[in-house]
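Below is one structure, written out as C-alpha cells; comments come after it.
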Amino acid sequence: MLQIQTLREQKDLVLAGLKKKNFARLEIVDEVLAIDEKRRQTQFELDNNLSEAKQIAKSIGELMKTGKAAEAEQLKAKTTELKETNKALEEKLSQCEEEQKQLMLLMPNLPHNSVPFGKTPEENEVVLSHGEIPILYNEAVPHWELTSRYDIIDFELGNKITGAGFPVYKGKGARLQRALINFFLDEALKEGYLEIQPPILVNEDSGYGTGQLPDKEGQMYHMQVDNLYCIPTAEVPITNLYRDVVLNEQDFPIRNVGYTPCFRREAGSYGAHVRGLNRLHQFDKVEIVQLSLPENSYETLEKMSIYVQGLLQKLELPYRVLRLCGGDMSFASALTYDMEVYSAAQQRWLEVSSVSNFESFQSNRLKLRYRKEGKTVLAHTLNGSALALPRIVAALLENNQTADGILLPKVLHPYLGFDKIA
RNA sequence: GGAGAGAUGGCAGAGUGGUCGAAUGCGGCGGUCUUGAAAACCGUUGACUGUUAAAGGUCCAGGGGUUCGAAUCCCUUUCUCUCCGCCA
C-alpha cells in the first residue's frame, strides 16, 4: 500500500508512476485525497469533542468527591448531548477511513525510474544474456517425454491420487528434487542468509500482510474449516515474520532463506504452455527474502540478481535477465528482474526466478519499521526465487539430454550421488 | 474432543470504575565513577494520529455494551496455557 503522505505531497509523481504501471483508474488519486481531507476534518471535530467530554467527566469526578451532587447532575446533562454528536462523528470517521483504505488498496506500487514503459511481456527489456543455447541431437524431446522414458516424474500417478498439476517424483527424479533443494539452501547459507523453516499454512492476517489478500484470493488454496491458506510462496510466511515489528538500524540487513512447497490454484490457466513441469499446483521453491534500509534497497536488489545468476551459472544453464516493463510487473513491485532459462527442446524461455524490490509497499501493510533518530520509518522489503524447481528441472532434463541419457551438471553430483539419468 | 485458567508497554509483572498511558523489576539508551570494563548510583526509555512546531486525540488481544467517566463491570470472537483423552 502506498503512503497517504506520498499522495498528498507528490501527487504528480504518483500519477506518472501509476500511468507507467498502466493503472487505469487514475481518478482514484483525487478521490482518495478528497476523502482524506474529509477524514482529517472529521477527526479534528471529534478530537475536540472528546477532549471536552473528557474534561467534563473529570470535573464530575471532582464534584462527586466534594459532595456537590447537584452540580454534577447539571454537567451530566451536557455530556449526553456531546455523546450523540460524537457517535455520529465516529461513524463518519470510520466510514472515511474504510473508504480511504479500500481505495488505497486498489493502487499498485509506483515503478522505479529505470522501469521501461510497456504493457506486454514483449516490451520487457532484456538486460543481459548469458551462456550458449545448446544444439540438441536430432531425437531430442521435451521434458514430459523424458520424465516418462526414464520413469522419474509421473504425472498420471499424480492425477490419480490428487489431480492435474500434482506430479509424483520417483527414484532419480525425487533425488534430483532433494539435491536441488539442498544445493540452493547451501549456496544461500554460504552467501550469509539465515535459514528459516516456516509453516506452510498461514492465517488471513499474513495473507493481507504480503498482499495476496484480498485481490488474489482465488489463487490460493483455502482451508475453510480453520480459515487457513496454503502458501503460494515462502515469501508469505517469511516476510510476515516481521509483521508489526520495529527494528533497530543495526539489525539490517536481514537476510532469510527458506525452502517450502508452494501451492497455486492457477485458476484459468490451460493449454500447451502449462504442459509437464511448466505450470504446477504444487512445486518446490527456495526463496530469499531481505529487509533493507531504504537507502540500500536498490544495491541489495542488484546483489540478489547477481546471486541468482550465479546459481544458474553453476547449473550451466543459458539464461537471460529481463527488466520487467510497467505493465508486466506485479502489483506490489517497484522493480523486478525476471530470470529465464532457455529450454532447448521446447525452444522457449522459462521464467525460473523473479527478484523484486517492493520498497515500502509491503512494509506499509506489514507495519514493518525501524527506529531512526527517535522516529519510526518503514523498512524496504525484497525477495526472489533462488530458485523454483520445476522449470529448472525441465531445462536441466531437456538441455542435457544425449543419446546416452541425461548428463547432470557437475555441481549437483555430490548432492545426487549419481551423474546421469539413463 | 472434555474441564479449567488467562490475554496489560521489548520482556516479566502490579493495577479498590475517576489524576492510569498505566506501579515495579529486567532489558535498552545517556551520564557519574574507572586507564578500560563490570558493579554501584543518577537520569531516560511504547505506538499511532495530528501540526511548521505544539495543543489535542486514540490504543491495556479484537469487536460490542453499561456509565458523566472503563485496563478495571457485562456480552462476544480469537488466541494462549494447564489437566484429561487421542496421537506422528
Side-chain angles (χ1 to χ4, degrees), chain A residues 1-10 32-101 104 197-209 213-214 222-229 237 240-252 254 261 291 360 362-379:
Chain A
M1 195 160 62
L2 294 173
Q3 290 170 268
I4 185 67
Q5 218 176 350
T6 317
L7 266 75
R8 289 205 287 247
E9 290 167 8
Q10 301 175 68
V32 167
L33 287 173
I35 291 170
D36 182 50
E37 188 60 39
K38 191 167 128 194
R39 195 205 88 226
R40 281 149 76 195
Q41 179 65 34
T42 312
Q43 174 107 53
F44 184 73
E45 279 178 52
L46 177 63
D47 284 358
N48 285 340
N49 283 3
L50 285 173
S51 178
E52 197 181 332
K54 223 172 160 180
Q55 290 306 321
I56 292 174
K58 250 184 205 175
S59 36
I60 289 177
E62 302 269 330
L63 291 171
M64 296 294 233
K65 263 188 202 164
T66 50
K68 297 173 184 166
E71 286 178 52
E73 284 305 317
Q74 253 183 329
L75 281 177
K76 275 192 197 178
K78 199 173 172 191
T79 48
T80 28
E81 201 182 314
L82 269 177
K83 259 176 99 175
E84 295 279 309
T85 43
N86 281 356
K87 199 161 189 184
L89 283 172
E90 259 168 42
E91 243 164 67
K92 190 174 163 191
L93 181 64
S94 58
Q95 198 189 324
C96 285
E97 279 171 350
E98 185 56 29
E99 235 174 286
Q100 182 173 331
K101 191 179 159 199
M104 295 288 288
Q197 252 189 53
I200 55 178
L201 300 184
V202 294
N203 59 27
E204 232 175 3
D205 285 346
S206 296
Y208 278 98
L213 295 174
H222 183 205
M223 247 87 31
Q224 289 183 346
V225 180
D226 296 299
N227 196 23
L228 296 172
Y229 293 86
N240 270 284
L241 297 177
Y242 304 96
R243 168 152 50 86
D244 291 320
V245 167
V246 182
L247 295 159
N248 294 311
E249 233 173 310
Q250 62 267 25
D251 296 332
F252 293 93
I254 289 180
L291 310 186
S360 61
Q362 284 184 329
S363 48
N364 192 27
R365 278 203 195 187
L366 292 162
K367 297 203 173 62
L368 160 56
R369 296 154 295 173
Y370 68 99
R371 254 178 275 277
K372 184 181 188 179
E373 289 151 14
K375 292 194 171 179
T376 56
V377 184
L378 293 175

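Residue numbering restarts at 1 for every chain, and letters A, B, ... go by the order of the sequence lines. Fair warning: this is a prediction, and the values are worked out from it, not measured in the lab.
Annotation: rG9(B) and rC68(B) have their C1' atoms spaced 29 Å apart (nearest Å). Rounded to whole Å, the separation between the C1' atoms of rA61(B) and rA5(B) comes to 16 Å. Using atom C1' as the reference point in both rC74(B) and rU24(B), the two lie 31 Å apart (nearest Å). Taking atom P in both rG30(B) and rA22(B), the straight-line distance is 25 Å, to the nearest Å. Here the separation of rG63(B) from rU82(B), taken at their C1' atoms, is 27 Å to the nearest Å. Across the P atoms, rU67(B) and rU77(B) are found 23 Å apart, a figure rounded to whole Å. Annotation: rA23(B) and rG64(B) have their C1' atoms spaced 30 Å apart (nearest Å). To the nearest whole angstrom, the two P atoms, one in rG57(B) and one in rU44(B), are 23 Å apart.
In this structure rG69(B) sits in no base pair that meets the Watson-Crick or G-U test at under 3.5 Å. With a 3.5 Å ceiling on both atom-pair distances, the Watson-Crick or G-U wobble partner of rG30(B) is rC42(B). Shown here, rG17(B) forms no base pair; nothing in the strands shown gives a Watson-Crick or G-U wobble contact with both key distances under 3.5 Å. Base pairing annotation: rG56(B) forms a Watson-Crick or G-U wobble pair with rU49(B), both donor-acceptor distances under 3.5 Å. Shown here, rG4(B) forms a base pair with rC81(B); the pair counts as Watson-Crick or G-U wobble because both key distances fall under 3.5 Å.
Note: F252(A) and Y370(A) have perpendicular aromatic rings, judged against thresholds of 30 and 60 degrees for the angle between ring planes.
Rounded to the nearest 0.5 Å, atoms CG (L89(A)) and CD (Q41(A)) are 10.0 Å apart. Atoms CD and CG, from E90(A) and L50(A) in turn, are 6.5 Å apart once rounded to the nearest 0.5 Å. A distance of 8.5 Å separates NZ of K101(A) from CZ of R365(A), quoted to the nearest 0.5 Å.
Residues R371(A) and N248(A) come closest through the heavy atom pair NE-OD1, 3.6 Å.
A donor-acceptor contact closer than 3.5 angstrom is absent between the side chains of S363(A) and R369(A). Checking S51(A) against N48(A) by side-chain atom types alone, no donor-acceptor pair falls below 3.5 Å.
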Check: Nucleotide by nucleotide, 5' to 3', does protein get under 4.0 Å of the base (B), only the sugar-phosphate (S), or neither (-) in nucleotides 45-59 of chain B, counting heavy atoms?
Finding: --SSSSS----BSS-
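E91(A) has its CD atom 11 Å from the P atom of rG64(B), to the nearest Å.
Side-chain atoms of N203(A) never come within 3.5 Å of backbone atoms of L228(A) as a donor-acceptor pair (strictly under, hydrogens ignored). Distance alone, capped at 3.5 Å, is enough to place a donor-acceptor pair between the N240(A) side chain and the S206(A) backbone.
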Output one line per pair: protein atom, nucleotide atom from nucleotides 65-73 of chain B, and distance, for all N/O pairs under 3.5 Å.
none

